Amino acid sequence: MFLNKETVTTLPAAVITGKGRNRGAGSIVHFGVGGFHRSHQAWAIQQLIGLDPALNSTWNICGVCIMPQDKIFVEKMKKQDLLYSLRICASGEKEEVMVIDAITELLFGPEETEKVISRIADANTSLVTFTITEGGYNIDEATGEFDLKHVDIQHDLQSGNLPKTVFGYLAAGLKQRYVNGGAPLTLLSCDNIQGNGDVLKLALYSFVRAYHPALIEYLDKQVAFPNSMVDRITPVTQPADRASLLEKYGYEDECLVVCEPFFQWVIEKHTAPGFPPLEQAGVDLVSDVRAYESMKLRILNGGHSLTGLIGKAMGYNYIHDAITDKNISTLFDLYNEKEVHLSLEALPGVDYKVYANQVKHRFGNAMINDSTDRIISGSTAKIPKFVLPVINWQIANGIRPVTGALIVAAWWFYLDTQVINGGMINDPAAEEWSSLFKTHADNTLAAFLDRQDVFGDLSLSEPFRDQVADFAVSIRKHDMLYACAQAIKSLV
Ligand code: CS2
């Protein structure tokens, strides 16, 4: 039995379903309907609607997928009448399964371009949200600027072309919205980037200045770009997860999402009128979100990169196994206590040590079966946001970076090994890395660290380069375990 609007009424009582909701269009448009959006924002909206279905169904979500490869997913969701299950797994055997019905419309951009544009333009839409990945904002790390020369951006700037990028869709929608009367709007980024709202604003303003400068005045006056911190570990769903759903609950779901019970969403109060009352669903609305962002990006996401990259080099395929390795676990603690915490501003009411311990405990959750491969994927966009800020802070304060340099060396080792063995690099920048490493086969490390568009000013920092080189030599001459022990020794 497949999940759809008929079968959902016959599911076993253990599956939580949202009964009797209004499935009409809502006021939220969301770009990027991957697993994370479905376990995090859609779950929060589901909670909100559940509190008062008659009133809150106005917050239903219109999902938008713009990548050609999303077509299969859109078709699967449509076959299920846009319903999907979320399996929330706590450590141990406890789990909760619920059917989420907060997404009431799903558009495939390449085939429904006009619909996407009119949804953004519609005055009933008061919030547009984004999970477009860390690299999706098209910012050059060397200059901190939006890359207007990118071929897809150039394509989207030509009038008459159907958009390919989120900025093309957004600008076209905003242009029409402005013509329709210019209703206020909140644009909310839900990606793991420090100052994600500011980054979205910078990117959109750069695009709009080249596309239709008259829109800037509307953006200035009516559009808000709050920063936000998002958190819920959501691994890639495996065939075994779907098989276990069928076995335990008797139905099939091609769009199942698995996640941990932990949920956090902190949003800056700077929003336009018509923002959902998310505080009722456990979301924190604060005046300044920066310190929450740094905490989460540096401790959790940076800790993930540590565990994933170092773990993979030691032969671990899963995060929960890697984090129980004595050396990785010790280094995780030392990295936090001796390096990361010093780089963070104090956050009233938050003890970073307690937070880091909780993160470590979450990493140990075997029920979600998160892979080191998922963490390693897309490191080109992740490392500059998760790990380099700590190193930059250390270099600026005359402190020698240890663990961060080892994480960077582990990343180089991953790329180098994949190129040598002809393996696949799991990264949108895979091609660039593989041709760079092949051209500079005599010294791949120097070529790697020379990439200022990735490492920014660190690319020119001798202490940083020396430290990474030291670890790289240890890894190649001995192994990752040796390099890890070396890092631990210099931190205790
Ligand atoms: C992970 C994140 O992709 C990564 O490297 O660190 O996806 C992480 O699981 C989420 O940000 C958790 O909120």
Side-chain angles (χ1 to χ4, degrees), residues 32-44 86 88-89 91 129-137 189-194 196 199 227-238 257-267 282-284 289 292-312 316-320 322-323 328 332 335-336 340 355-356 358-390 404 407-408 410-411 414 425-429:
V33 193
F36 179 71
H37 167 71
R38 285 178 285 142
S39 75
H40 189 262
Q41 179 182 341
W43 176 85
L86 182 65
I88 304 175
C89 302
S91 254
T129 53
F130 305 84
T131 319
I132 53 174
T133 78
E134 292 80 17
Y137 295 80
S189 164
C190 303
D191 281 294
N192 289 311
I193 301 177
Q194 183 81 48
N196 54 9
V199 172
N227 292 306
S228 78
M229 180 267 248
V230 292
D231 193 6
R232 180 168 244 180
I233 298 176
T234 310
V236 180
T237 309
Q238 299 299 324
V257 180
V258 177
C259 70
E260 61 171 345
F262 184 92
F263 167 90
Q264 196 174 18
W265 196 3
V266 188
I267 304 174
V283 175
D284 297 312
V289 79
Y292 290 94
E293 290 181 310
S294 326
M295 169 183 83
K296 193 263 169 167
L297 292 167
R298 296 180 192 186
I299 298 178
L300 186 140
N301 298 111
H304 248 162
S305 296
L306 182 163
T307 314
L309 282 159
I310 298 178
K312 181 80 181 178
Y316 293 108
N317 290 327
Y318 293 98
I319 293 293
H320 61 267
I323 198 64
I328 295 179
F332 178 93
Y335 179 45
N336 281 298
V340 179
Y355 178 82
Q358 187 189 28
V359 165
K360 194 171 163 186
H361 178 74
R362 290 165 60 195
F363 285 5
N365 182 350
M367 293 299 292
I368 58 169
N369 226 18
D370 200 7
S371 66
T372 46
D373 281 342
R374 179 185 81 86
I375 300 304
I376 293 172
S377 71
S379 284
T380 310
K382 291 175 181 175
I383 299 289
K385 279 133 198 123
F386 303 169
V387 180
L388 302 188
V390 178
I407 300 171
V408 171
W411 179 30
Y414 163 76
I425 296 171
N426 200 345
D427 199 305

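These figures come from a predicted structure and were not determined experimentally. Numbering of ligands and ligand atoms starts at 1, following listing order.
- Checked by atom type, the side-chain pair Tyr137/Ser189 shows a donor-acceptor distance below 3.5 Å.
- When only interatomic distances are considered, the shortest N/O to N/O separation between Arg232 and ligand 1 falls below 3.5 Å.
- Residue contacts with ligand 1 include Arg374, since one of its heavy atoms falls under 4.0 Å from the ligand.
- No option in Cys259, Ser91, Pro235 other than Pro235 meets the side chain to side chain contact (heavy atoms under 4.5 Å, CB included) test with Ile368.
- Within the 4.0 Å heavy-atom cutoff, His40 does not count among the residues contacting ligand 1.
- When the options Lys296, Lys382, His304 are ranked by their closest heavy atom to atom 11 (O) of ligand 1, first place goes to Lys296.
- Residue-level proximity to ligand 1 for Asp231 is carried by backbone and side chain together, each with a heavy atom below 4.0 angstrom.
- With hydrogens and angles left out, the side-chain atoms of Lys296 and Asn192 include a donor and acceptor closer than 3.5 Å.
- Near Asn301, meaning under 4.0 Å from one of its heavy atoms, ligand 1 places the atoms 1 (C), 2 (C), 6 (O), 8 (C), 10 (C), 11 (O).
- By the 3.5 Å distance cut-off applied to N or O atoms, Asp370 is not counted among the residues near ligand 1.
- Evaluation of the side chain to side chain contact (heavy atoms under 4.5 Å, CB included) rule for Ile375 yields His304, Ile319, Asp370 as partners, not counting sequence neighbours.
- Between Phe263 and Trp265, the ring-plane angle classifies as perpendicular under the 30° and 60° cut-offs.
- Look at Arg362 and Asp231 and you find a salt bridge, because one of the NZ, NE, NH1 or NH2 atoms lies within 4.0 Å of a carboxylate O, short of that distance.
- Close contacts between ligand 1 and Asn192 involve ligand atoms 11 (O) [criterion: under 4.0 Å to a heavy atom].
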